[in-house]
Amino acid sequence: MSSLQELCSGLPLRPLPENRGRWAGVPHAPVRTPGLSPAEEQLALRNALRYFPPDVQKLLAPEFAQELRLYGHIYMYRFSPRIEMRAYPVKQYPCRTKAAAAIMHMIMNNLDPAVAQFPQELVTYGGNGQVFSNWAQFWLTMSYLSQMTEEQTLVMYSGHPLGLFPSSPGAPRLVITNGMVIPNYSSREEYEKLFAMGVTMYGQMTAGSYCYIGPQGIVHGTVLTVLNAGRRYLGVEDLAGKVFVTSGLGGMSGAQAKASVIVGCIGVIAEVDKAALMKRHQQGWLMEVTDSLDQCIKRLREARKTKEVLSLGYHGNVVDLWERLVQELDKTGELLVDLGSDQTSCHNPFNGGYYPVQLGFAEAQSLMASDPATFKKLVQESLRRQVSAINRLAKENFFFWDYGNAFLLEAQRAGADVEKKGAERTEFRYPSYVQHIMGDIFSQGFGPFRWVCTSGDPQDLAVTDQLATSVLEKVIAGGVNPAVKLQYMDNIRWIREAAKHRLVVGSQARILYSDQKGRVAIAVAFNQAIAHGKIKAPVVLSRDHHDVSGTDSPFRETSNIYDGSAFCADMAVQNFVGDAFRGATWVALHNGGGVGWGEVMNGGFGLVLDGTQEAEQRAKMMLGWDVSNGVARRCWSGNQKAYEIICETMRENKGLVVTLPHQVADEHMLQQALRP
């Protein structure tokens, strides 16, 4: 086992580490089929070898060529570190700055096998959300971070560490871009080639920005989504006895089982990959598992009758489950499901993100690599079958929503019956969870705010939980409107119950949904606690890119914006730039994430609180912009709640000046003006 000191000493070349190939006992990414020409294969190999001096290139060349042929990408398995990959206490990293040590802590958490979906392929979640493109990039990045001073910035080009460049202490220590491909060439097919050649990378959201905190992040989002779905669709606060059916127990989707238990419903989650299913069961996130549809229906009925809280994993294809629910309805007249969604990685449907019902798991993986065209046809047929079953159930008192994973978008492309007549381009037969549920939350400035205690000490996390709860209670006591109060109360309940649900996987992290006022107040409280020794080491503030201002995505985050700008990415790009010069420790801007490559632009940040007055000022400045940018944009799109929030924010902050839009309500005037 190597040490952190060795890990930060640059590429291990003399001697070269033993090539142990792919590890046994861990999940591996599906074989990619980039379809490179012979010239492109040579370029991919050349690009991989340029990380190494000439005296080792002859040894590595055939090895890397074999990886390219076998797996469709050069991961450089030989250079997979032998150290136990996890988020070590920040003081153990050999660095010259606290910021660099905190970034190392976050990177290693993203690659922790307990956290990462395919750790040896450097994939954190979503099937293809890369931290780096290959292991040489990891080694070089760690070396650069160990050398970095407060007057340097590390620049990352789609996983490739370009180098350390002179900057100022107030500048970001790290600037990341992922997937910045010229728009006309940002197709899925071009991506596969460019990734195989090692020149671009799909960073998902928090994979490539080093801010993933395990499935806890989406647990909270799913809790809020299902709670608010119950309120909107079923008219209930108590979900006891209600059944939520969905699919996916891999990276982020693994959160669905835990969320079902927290909200008190019956969650039935299908998963084709037994390893992923058993991982969630062993973590205690999934209460029961079965590979029998008969047993699945039997347990579902029992739990409905007794209003038992249950998370049940079905090892099988979700299409079979949906079709069985239709059979039960047609046979008995009994509707066994109330709420439904899907969290397969449908942004990547033809390369392991969605498995067709016609094939078993291993058979599908084989066909995916050997005959991609036939595999694609089967996936699209499977999508049509899944939608057909959902449509039948939806004729009853059953409600389905798209979870922002491109399920309805890919179903539409497959020819499934998801059309909504007379709708906008971003609307389908079923709403996205943003359109009906989370959009109003974003418009009020609430989104997934998170933090990581870099000491690695659970006691520090407990202190931050107490501080965050106290801060939100004080904000409520100061007076807020009823809609905002409801959001605060949901999050206070979440924090109070978080510890008992064993949500921490990997780093000592927490997430909650908060608005600008809450985020700033929490940051100040944490920073003061660090200054006074109540928290033992710096705290990294961050958020999901899926937030108020971080993402432009017409089929998810901005799907409820109807002024024509849903397909424009000014907000996400401005957010990235604005965070950078307002005090973020690092910033990231990505093409793709959630809905898929070429479908979204998104960005994120990391901000290190170290107890200094400078850190407090940076937090106040940056967090204010990071929220108000998106609220102002939603205000201009005609959202009344965002209008009210931006007006309130301007009253409290005289430095904020936003010209407010006027209402254009006279439809007759518009028609008259446009009459020929």
Side-chain angles (χ1 to χ4, degrees), residues 1-34 36 40-86 88 104 107-124 128-146 156-162 194-202 207-208 369:
M1 178 185 290
S2 57
S3 67
L4 289 175
Q5 187 69 49
E6 291 171 319
L7 203 64
C8 297
S9 300
L11 275 165
L13 299 173
R14 294 174 178 83
L16 286 172
E18 177 190 357
N19 183 14
R20 296 176 296 158
R22 277 190 162 193
W23 298 333
V26 299
H28 288 284
V31 173
R32 311 187 75 92
T33 53
L36 298 181
E40 288 167 337
E41 287 182 338
Q42 190 173 25
L43 188 56
L45 187 56
R46 182 188 300 274
N47 288 345
L49 289 170
R50 62 186 170 178
Y51 288 100
F52 302 92
D55 63 314
V56 298
Q57 288 178 3
K58 284 188 178 180
L59 174 66
L60 295 177
E63 183 179 305
F64 288 174
Q66 184 180 35
E67 284 188 23
L68 185 61
R69 286 192 298 268
L70 290 177
Y71 309 119
H73 189 74
I74 300 171
Y75 296 105
M76 306 182 184
Y77 289 121
R78 175 191 289 268
F79 295 95
S80 303
R82 303 222 174 169
I83 194 170
E84 179 187 356
M85 190 68 71
R86 62 182 177 86
Y88 288 84
M104 287 182 170
I107 288 172
M108 293 188 73
N109 185 68
N110 271 26
L111 294 169
D112 181 342
V115 173
Q117 187 177 13
F118 304 126
Q120 207 181 6
E121 287 75 39
L122 302 109
V123 172
T124 300
N128 59 351
Q130 303 284 150
V131 185
F132 300 99
S133 180
N134 59 57
W135 283 106
Q137 294 173 347
F138 167 82
W139 284 93
L140 288 174
T141 299
M142 297 296 278
S143 176
Y144 279 133
L145 288 169
S146 71
M156 301 294 299
Y157 280 14
S158 292
H160 170 66
L162 188 66
L194 293 171
F195 178 60
M197 288 189 287
V199 295
T200 198
M201 189 180 87
Y202 184 72

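Computed over heavy atoms, backbone and side chain alike; hydrogens, waters and symmetry mates excluded.
Counting only distance, with no hydrogens or angles, the side chain of W139 and the backbone of P81 share no donor-acceptor pair below 3.5 Å. In this structure, Q66 contributes its side chain and E63 its backbone to no donor-acceptor pair below 3.5 Å. At least one donor-acceptor pair under 3.5 Å links the side chain of Q120 to the backbone N or O of W23. Using modelled atom types, no side-chain atom of Q130 and backbone atom of G159 make a donor-acceptor pair closer than 3.5 Å. At least one donor-acceptor pair closer than 3.5 Å links the side chain of N110 to the backbone N or O of A207. One N or O on the side chain of N134 and one on the backbone of Q137 form a donor-acceptor pair closer than 3.5 Å.
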In sequence, state the C-alpha distance, the side-chain angles, and the governing distance for V26 and F118, and then conclude on side chain to side chain contact (heavy atoms under 4.5 Å, CB included).
CA-CA 7 Å; V26 299; F118 304 126; over 6 Å; no

Verify side chain to side chain contact (heavy atoms under 4.5 Å, CB included) between I83 and Y88, making sure each step is shown before the conclusion.
CA-CA 11 Å; I83 194 170; Y88 288 84; 3.5 Å; yes

Would you sort out whether F138 and L11 count as a side chain to side chain contact (heavy atoms under 4.5 Å, CB included), showing the intermediate values?
CA-CA 9 Å; F138 167 82; L11 275 165; over 6 Å; no

Any chance you could lay out the side chain to side chain contact (heavy atoms under 4.5 Å, CB included) test for I107 and L145, step after step, and finish with the verdict?
CA-CA 11 Å; I107 288 172; L145 288 169; 3.9 Å; yes

Start with the C-alpha distance between Y75 and H73, add both sets of side-chain angles, then the distance that settles ring-ring contact (aromatic ring centres under 6.0 Å, His included), and finish with yes or no.
CA-CA 6 Å; Y75 296 105; H73 189 74; 4.7 Å; yes

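With contacts defined as side-chain heavy-atom distances shorter than 4.5 Å, the pair N109/R86 does not qualify. Side-chain contact between N128 and F195: absent, with no pair of heavy atoms (C-beta onward) separated by less than 4.5 Å. In this structure the side chain of L68 never reaches within 4.5 angstrom of the side chain of L45, judged on heavy atoms. Using a 4.5 Å cut-off on side-chain heavy atoms (C-beta onward), L70 and V31 make no contact. P53 is listed as a side-chain neighbour of L13, based on a closest heavy-atom distance under 4.5 Å. Taking the side chain as every heavy atom from C-beta outward, V199 and Y157 never approach each other to under 4.5 Å. When side chains are defined from C-beta on, M201 does not count as touching H160, because their heavy atoms never get closer than 4.5 Å.
Considering all non-hydrogen atoms of both residues, S146 and C8 come closest at OG-O, 3.3 Å. For the residue pair P17 and R78, the shortest heavy atom distance occurs at O-NH1, 2.7 Å. When all heavy atoms of I74 and A48 are compared, the pair lying nearest together is CD1-CB, 3.8 Å. In this structure, T200 and S158 approach most closely via the heavy-atom pair OG1-OG, 3.5 Å. When all heavy atoms of E41 and L36 are compared, the pair lying nearest together is CG-CB, 3.7 Å. Residues M197 and A44 approach most closely at CA-CB, 3.7 Å, considering heavy atoms.
A search for ring-ring contact (aromatic ring centres under 6.0 Å, His included) contacts involving H28 returns nothing, not counting sequence neighbours.
Between F64 and Y77, the ring center distance fails the sub-6.0 Å criterion.
Within the structure, salt bridge (Lys or Arg N to Asp or Glu O under 4.0 Å) pairs that include any residue of residues 18-29 comprise E18-R82, R22-E121 (at least two apart or interchain).
Each of W135, Y51, F132 was compared with L140 under the side-chain contact (heavy atoms from CB on, under 4.5 Å) criterion, and only Y51 meets it.
Between the CG atom of L7 and the CE atom of M104 there is a distance of 7.5 Å, given to the nearest 0.5 Å.
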